[in-house]
Structure formats: C-alpha cells, structure tokens
Amino acid sequence: MSTDAIIGDLMTETGRGNPYPLYAKLHEIGPVSASAGNPNFFVVNGYREANAVLRNPGFGRWDEQPQPGTEWAGHASLTSLNHSLLDLNPPDHTRIRRLMSAVFTPRRTAALAPAIESSVQALLDAMADNGTADRPVDFMDEFAFRVPVAVICELLGVPEADRYRFRALAWDLGIALELIDDPAKLAPADEATVQLHEYFSALAAERRAEPRDDLTSALVQEADEADGSLSEEELLSNLTLLLLAGFETTTNLFGNGLALLFERPGLAAAVRAGTAPVTDFVEEVLRFDSPVQLTSRVARAEGLDVAGIPVPLGAEVLVLLGAANRDPARFRDPGVFDWTRPDNQPLSFGAGGHYCLGAALARLEATTAFPMLLRRFPALAPAEGVQRIRSDRLVLRGFRTLPVTVT
C-alpha cells in the first residue's frame, strides 16, 4: 500500500475513527516517505525523525495568507490562525511567545493546583447530584470540558457565565485545523472565528477601561504600547487560539484516558489507590491515544533533509505525532497500553520552538483530576444501552459524548 493511499484512507471516516492500523502500515514503509503524486509533499511517521523535524528551525509553519482570488483566501478562520502562535515563525513567533510565556511558568502553573482541585471537586459534586443508576451523565460535557475551560478562562479573565458557550464555538473552529480538501467546509470555523473575535474585542475593551490581573489585561497592555509589540489582529487571534488550545486538547485527554480505564479496571483501581502513579498513567495516555494526532511544517531553507531524504525549499512535511508515538523503533510493543513503560516521552505536545505552552498545565489538570474522579466514584462505569460517540476528527482526537453512571 502506497503512502498516498494511506493518507487518503486517513481522511476517510474509518481512518479518522481508528488511524492506528494505517500508522502501522506507514511504519512498514519507513519512517519518512515521499508522495508519488506530489514531489513537494512528505510524510514523517518515525519518532526520531518527527522529533528532528519539529526541532529543526529550517522547518517552519505556513505563515503566509492564501493568495487573493484563490478559493482559500478570505476565510476568517485561516486568517486568524495565520496571526496566532500556531502558524507564526520567528521573529513574530518569538515576540508573541515571550509575551505569553510569563503566564505559563512552572511556578505560576503549580500555583493553580488549589484552584484546579476546587473546580474538580465542584464538578464531581454536580455529577453526583445529576447522575443516578438509571440516569447517566455525559462525562465529556459535565466534566472533561468543564475542568480545562474553567482553568483557561480563569487565566484569560473570562466571566464564569460566559464559559459554557465556548464548547460549540471551539468545536466549529477546530475544523480549520483538520485536513480538508474543500474550503467550503470552513464555513462553521469562519463563523466561530467571527464570534470569538467579537467576544474578545469586547473583553479587551473592558480590560482597557478596568485592567485586572489576567492574561487578557496583560496582552491588551502590550497591544496598546507605542512600540507595536502586539497588533490588534494578533491580540484577538491569540486569545482565540489560547481558548481553543487551552481546553480542547485537555478535554480529549480526559475522555481518551477514561475510556482506556474502563477497559482496564485493574489499572483504574491502582490509580485510585495510588499504586499506579497517575503521572505515568497520563503520560501513557498521551502516547497511546494522543489528543493531537498530527501537525505540519514547510521547508523554509535550502538543503534540508529528513533521514537522508532531501526536502526541497517550500515542500510540505506532514508530521504524524500519533504515528511517532507508536513507532516500534522507539517504543517496545507500541500497540500495548503499558503505564510502566520506561523513558516514556511522547510527542503529543510537539517539540522545539512550537512546543505547547500549556503542556505542564494540561498534565497538572489530568494528574489532579483522575485520582479525585476515581476515588469519588469507585463504581464509575460506561452507561449501558447508551452509545459513546467519537469525534469525527483526525487532528484533534477524542470523544463527543461519553455517557457514564456514577453510582
């Protein structure tokens, strides 16, 4: 089976639902392969090779707007992403990342632990009140979404009353991150972007009038500086990105992790008792079923190669993080969930200059919440007769619904 055929299958409903058999076929071809139909398209699925691409500054992001007059031009979602940390390259990426990194220092992240515990406890109380033996609750809606959105919105200074509306908007915005072949599919993402920019524009105006100790106030101050350290478009685009990245991936981490625990009741008991370190469990969830499955880079310099394969200037490199995390050359029995795995360093949060700013925060939320969840509900189980629904997405992998009983 060719690389092109495998990538085509990944974009089907079946491939999105379970990409791992296709990743295994790519590993059989090799850690890096070129498209037969497009000499400027390469696929990287090996761990060492993916890590090298992500850390090589010669491979950057697409930071140019689509050409005017083309079918990809004029989409609000793509324009916003092009002004965000996700798609920027140095020096703009370095400038904006430096502004935001002050919020995600290890000290400030660790200081959020009491607030996370308090939020988790309140949500567990609500699940206990809402769920009965014959009335399941949706874990994704009642817990997996609400924990990280509470944390990121607290950092941004978003009022509690506004937070729940963001799940639908973030879901639509996530379309812009997927592998799509028809720009018409961006319509929901464009509409979500417009709404989020309008929301953050209003919030920024409030913080200009009455600054607070939150990230929005800090970024507004930078946007208002005479040196132009942050444009208004960059301000709104990066606030939108922080909202999406701040909870969508962690939401999927919760759902993917709980689904794995349901299949392994002995492990659930060990995490509950503390005999299986929750940090090791979370790291293996990240490796085994990564909330983010892929990213891409473009060759921005001459003379680049990956594992000896020349990559010409301007070529696109698809980096399959989910496949790299299952690389048999890096992980023994990669298709086996093994929380005792030594030297477990998945690439789920990326690597290099674009390494996820909120990685430590996501880990803190997961390692705090899972033991509390399992201890509060020792009989937590999948709801019988109610189907769980996987998200029909490849890049952001998780569940739309995960009904559970809490008695």
Centre of F59's six-membered ring, under 6.0 Å away, within 45 degrees of the axis: is that where NZ or CZ of R297 sits? no

Please tell me whether Y20 and D289 have a donor and an acceptor in their side chains that are separated by less than 3.5 angstrom.
yes

For the residue pair N238 and S84, confirm or rule out a side-chain donor-acceptor distance under 3.5 Å. no

When you measure from the side chain of R272 to the backbone N and O of P378, does any donor-acceptor pair fall under 3.5 Å? yes

Between the side chains of S348 and N325, does any donor sit under 3.5 Å from an acceptor? yes

Could you tell me if E284 and N344 have a donor-acceptor pair between their side chains, going purely by distance under 3.5 Å?
yes

Given the options F139, W171, F166, F247, F145 meets ring-ring contact (aromatic ring centres under 6.0 Å, His included) only with F247

Cationic tip of R300 within the cone over W62's six-membered ring, i.e. under 6.0 Å and within 45° of the normal? no

Set out, in order, the CA-CA distance, both residues' side-chain angles and the distance that settles side chain to side chain donor-acceptor pair (under 3.5 Å) for D190 and S77, then state yes or no. CA-CA 5 Å; D190 292 338; S77 55; 2.7 Å; yes

Lys NZ or Arg CZ of R326 over F288 ring: under 6.0 Å, within 45° = yes

Residues passing the side chain to side chain contact (heavy atoms under 4.5 Å, CB included) test with A150, sequence neighbours excluded, are S119, R163

N256 and R390: side-chain donor and acceptor closer than 3.5 Å?
-> yes

In short, ring pair (Phe, Tyr, Trp, His ring centres under 6.0 Å) pairs touching residues 339-370 with sequence neighbours left out are H93-H354, F254-F370, F281-F370

